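The structure appears below as structure tokens.
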Amino acid sequence: MSALLQLEKTTIRFGGLTAVSELDLQIGKSELVGLIGPNGAGKTTAFNLITGVYQPTSGEINFDGQSTVGCKPYQITKRGIARTFQNIRLFPSLTVFDNVRAVFHLHLRGDVRHALWRGKGYHAEEKSVADRVLELLEIFQLGRFRDEPAKSLSYGDQRRLEIVRALAAQPKLLLLDEPAAGMNATEKVELTRLIRFIKDKFQISILLVEHDMKLVMEICERIAVLDYGVKIAEGKPDEVRANPKVIAAYLGD
Amino acid sequence: MNFRHAKTFLLGAIALGFLASLFADRINPYWLFIFYDIGISIVMAVSLNLINGYTGQFSLGHAGFMAVGAYSSAVITNQFGDLSFLAANGIFAVALLAGGLAAALAGLLVGIPSLRLRGDYLAIVTLGFGEIIRVILQNMDKVGGARGLSVMHGWTNLFWTFGLAAVTVYVVASLVNSTYGRGFIAVRDDEVAAEAMGINTTKYKVTAFVVGAFFAGIAGGLYAHSKQFITPGGFGFMQSIAFVVMVILGGMGNTIGVILAAILLTLLPEGLRMLSGIEHLPGLTAERPLGWIGDTRMIIYSLLLIVLMLTRPQGLFSLKKSSVQK
Amino acid sequence: MTEFFQQLINGLAFGSILALIAIGYTMVYGILRFINFAHGDVFMLGAFAGFYLAPKIATVFPLPSIAGAIAVLIVSMLICAALGVAIERLAYRPLRKRPKLTVLITAIGVSLFIEYAGQFFFGAAPKKFPDILPVLPITKIGGLSLNSNQLIVLAVTLILLVALRFIVMKTKIGTAMRAVSFNPEAAALMGVNTDVVISFTFALGSALAAAAGILWAVNYPSIDPLMGILPGLKAFVAAVLGGIGNLPGAALGGLIIGVTETLVSGYISSTYRDAIAFAVLILILLVRPSGLLGKKEIEKV
Ligand SMILES: Nc1ncnc2c1ncn2[C@@H]1O[C@H](COP(=O)(O)OP(=O)(O)OP(=O)(O)O)[C@@H](O)[C@H]1O
Ligand SMILES: [Mg+2]
């Protein structure tokens, strides 16, 4: 069976620094995979490669059976990969509602002409978009903030809104970059539940970068470990936890 | 802003403009021309607001697009002699449209560098395009070069200015207030995130430039057929800056505010001019009328600009308290 | 061929004046990250300071003379340095934490204010700048006729650039300037007084602009309150061309624009003169979006 996402010897260099080196990684349908590693290991860079923010220096990336190399980020999103950012990147001046609505242009049938003509079809479509946005917001308990500007939300709510916004793209694969960063213990428990829920309800694959080991070990089916851009281990949470290379990488050289 | 009744607004405004134009000969011509100026400023500022305010690009060359529209439309209408009412307005409509399209083409050209450049770099390149357009016009003998071009027909009237101002407001507001159009603001807020959310930022930026330039071209056509004499120097970068100031004072990305700012800033110099003509005000002796205001008009204007920026940087008409902007 | 060298020298002289102005733009940008639109008008004020000073100075040093010219240059530089500091204090400092666009518009306001106040106080009509330099016999080298004023422009620019380099690289305040431009927060934490550094930067930039104003007026002795607009714009283009924030870049950009503009208007068409700076800029930015010597800013995602 072919994997949903497949990285083959994917490499990127920034000048002398090889941030990601010959990375092989596969993610199957509806799989929840963890990507961990010490600071600067290249996890975010791997995300940037998968989403087209950076182009690999060499190697292949396949999604749904087709290469994504050379594609622009927005094209890759259209094909079904959505992400969140390590340092939250919402649209700060848009309302919570509009942050999610902006993504729905992906699913519109009409285009600019619709928006300019403002006929029956347009209003019907806008109405259905609004309904679907609200539905999503309600699922994640953000409905009550719908008219607040995104920047006025609390940190935890902003993180959740970012996930909702990514889900609005109706991805097949969701990339989460340190979603638990800056959250307290109860929020983390809540997040764990949320990630499970997303996976079950939307039937999508998730690639999770996270420093909180407890969370990662608890929910991931499989974990890959990066160190200095190189994958040093991969396997079930228990195997990874026991791997001496991983322990060495985390404890320092 | 709820934009449900957009079309009603549009048709209403056009009808109003038409009615007003029927009574134009009862209006003092001095005021009539100020009304034209106001309508033209609204078209310019609202269209620039799409580029600078909503999409977050920084164009300093809007007057250049205006010049393209002014000259293109004037060259077309100058081919015709006296025409019947209907024919005149028909030709005028075609000429305005052609001016808009020519400017849109220029906008496409300027939009392309905006894909690679940001912030100050983009600002200076758009300024440069504006200046290049000016210099090219100065060197085109067929349109009078630096001496300028006489426009034979004064076809601009209240119907055209306010009808087209309404169309501009309608188009920009409709664009931005749709699901599709939230993309413009997303590009302004965070380009990387916008791209990651499936928004083709390139397309949005170029669209903003092309649409913005199109309306600037139309405004140029209105301007040419109101003043009936145009020179390349009249579309220099100071002119572009005047429109940028309207957008900023109106509160970037706030259409109503920008309209108000366009009205206010068009009236301000006229107001100061009138003030300077007053001679019999209590306390003013005949030896010291307010004539000095005439000479210091632009000094007052620039000081006002500085003071406004120091005291109300979020724009004159922004309701947002600055405390909200963390 | 001699014709070519003649044009080249004209271009270099014009370019060095642009370079002096461009450095002010680039220094302020390097530290505050905003375009000081009023900088071209400080250049104009420099020329007018010289214009009004010359008769006064002539009572001490008879003009035209080398000593007198130097005195005019220095006093006008000092006056403009003070003006630059005052502009920053009054108009820009209160906006330091505000969005750049707000500051930019304020700077445009300041620029308009100086221009119109200049028209009001100095009069709008062009004035003839007095002869402050003795006219030396035109030197002929191999068919080239070298105008003494042009040589002086080149020499003064060179001296000022060397002095600037010394200040920026070797003095304490220069080190502080570099620190602030590298990372303002860190510099402030390290005990650098950023307010002083910013004031000093404005003083330095404005003094150079004033020098450019005097040099300009010596070469093209008709001055008016709007004379700063075009050279200011071109110098700004030069700063962006070289990579804004980069001092050698500004000097290089100035020379490139000066030489290109002079050569093109000499050989191809002089009526397109004012468009050349921009055409060069657009072409170069399309290839190198951060200017010739500017560092590429990578946005971390
Ligand atoms: N655009 C870039 N230019 C140069 N170097 C970069 C760039 N992006 C990332 N790097 C470098 O690549 C390495 C990997 O960075 P990356 O952000 O992927 O690490 P990470 O695993 O996400 O770390 P963290 O856990 O701290 O988020 C780092 O050394 C970083 O400095
Ligand atoms: Mg990271």
Side-chain angles (χ1 to χ4, degrees), chain B residues 52 58 60 110 112-113 116-136 138-139 145-146 191-193 196 236-238 241-242 244-245 247-249 252 292 295-315 322 325, chain C residues 29 33-35 37 90-92 94-95 98-121 226 229-230 233-234 236-237 239-241 244 269 271-282 285-291 294 297 299-301:
Chain B
N52 288 21
F58 194 176
L60 270 179
V110 181
I112 290 167
R116 297 202 59 184
L117 303 170
R118 269 154 236 270
D120 305 318
Y121 285 91
L122 179 60
I124 187 69
V125 164
T126 51
L127 193 162
F129 266 111
E131 288 295 285
I132 290 176
I133 289 174
R134 182 176 64 82
V135 173
I136 291 178
Q138 265 170 5
N139 281 283
E191 224 172 280
V192 173
F237 87 104
M238 284 315 302
I241 284 175
V244 172
V245 168
V247 170
I248 290 183
L249 282 190
M252 312 266 288
W292 57 273
D295 303 333
T296 51
R297 212 156 54 106
M298 292 311 289
I299 305 184
I300 296 176
Y301 173 82
S302 53
L303 272 180
L304 218 57
L305 191 62
I306 301 173
V307 171
L308 277 173
M309 280 294 114
L310 290 173
T311 51
R312 278 194 76 80
Q314 73 275 29
S322 29
Q325 305 169 317
Chain C
Y29 191 91
R33 298 278 182 279
F34 95 95
I35 302 164
F37 235 90
L90 296 176
Y92 304 154
L95 294 169
R98 293 279 170 66
K100 269 195 302 185
L101 208 60
T102 312
V103 197
L104 179 69
I105 296 302
T106 312
I108 291 172
V110 173
S111 164
L112 291 177
F113 175 73
I114 297 179
E115 283 157 20
Y116 292 116
Q119 289 194 335
F120 187 70
F121 290 110
L226 302 185
I229 299 180
L230 265 185
L233 212 51
K234 286 174 190 168
F236 172 48
V237 167
V240 176
L241 182 69
I244 191 147
S269 152
T271 43
Y272 279 98
R273 181 176 188 116
D274 289 337
I276 286 159
F278 293 107
V280 173
L281 174 83
I282 292 169
L285 283 190
L286 283 180
V287 188
R288 287 189 61 94
S290 18
E297 280 196 23
E299 194 183 5
K300 279 236 170 162
V301 176

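Order of the sequence lines sets the chain letters (A, B, ...), proteins ahead of strands, with each chain counted from 1. Keep in mind it's a predicted model, so treat the numbers as computed, not measured.
The CD atom of B:Gln138 sits 13.5 Å away from atom CZ of C:Arg273, with the distance rounded to the nearest 0.5 Å. Taken from CG in C:Leu226 to CE in B:Met238, the straight-line distance is 9.5 Å, to the nearest 0.5 Å.
The greatest number of non-hydrogen atom pairs below 4.5 Å with chain C, out of B:Leu308, B:Val135, B:Val245, is found for B:Val135. Among B:Leu303, B:Val307, B:Asn52, the residue with the largest count of heavy-atom pairs under 4.5 Å with chain C is B:Leu303. Chosen from C:Ile276, C:Ile114, C:Asp274, C:Thr102, the residue pairing most often with chain B at heavy-atom distances under 4.5 Å is C:Thr102. Chosen from C:Ala91, C:Gly109, C:Pro99, the residue pairing most often with chain B at heavy-atom distances under 4.5 Å is C:Gly109.
Neither the backbone nor the side chain of C:Phe34 comes within contact range of chain B; no heavy atom of the residue lies under 4.5 Å from a heavy atom of that chain. Residue C:Leu281 touches chain B through its side chain alone, counting heavy-atom pairs closer than 4.5 Å. For chain B, no part of C:Tyr92 is nearby; none of its heavy atoms comes within less than 4.5 Å. Contact annotation for B:Ile136: both backbone and side-chain heavy atoms come within less than 4.5 Å of a heavy atom of chain C. For B:Ile132, the parts sitting under 4.5 Å from any heavy atom of chain C are the backbone and the side chain alike. At a 4.5 Å heavy-atom cutoff, the contact between C:Ile35 and chain B is made by side-chain atoms alone. Interface remark: B:Leu310 contributes backbone and side-chain atoms alike to the contact with chain C (heavy atom separation under 4.5 Å).
In this structure C:Tyr272 satisfies the side-chain hydrogen bond (donor to acceptor under 3.5 Å, both in side chains) test with no other residue, sequence neighbours excluded.
The closest donor-acceptor contact from the side chain of B:Asn139 to the backbone of C:Thr271 lies under 3.5 Å.
Across every non-hydrogen atom of C:Arg98 and B:Met309, the tightest pair is NH1-O, 4.3 Å. Taking every heavy atom of both residues into account, C:Leu112 and B:Ser302 meet most closely at CB-CB, 3.6 Å.
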Contacts under 3.5 angstrom, residues 121-130 of chain B side chains, donor-acceptor by atom type, not counting sequence neighbours:
| residue | atom | partner | partner atom | Å |
| --- | --- | --- | --- | --- |
| B:Tyr121 | OH | C:Ile244 | N | 3.3 |
| B:Thr126 | OG1 | B:Leu60 | N | 2.9 |
| B:Thr126 | OG1 | B:Leu122 | O | 3.1 |
| B:Thr126 | OG1 | B:Ala123 | O | 2.7 |

B:Phe58/C:Leu104 under side chain to side chain contact (heavy atoms under 4.5 Å, CB included): CA gap, chis, key distance, verdict:
CA-CA 11 Å; B:Phe58 194 176; C:Leu104 179 69; 3.1 Å; yes

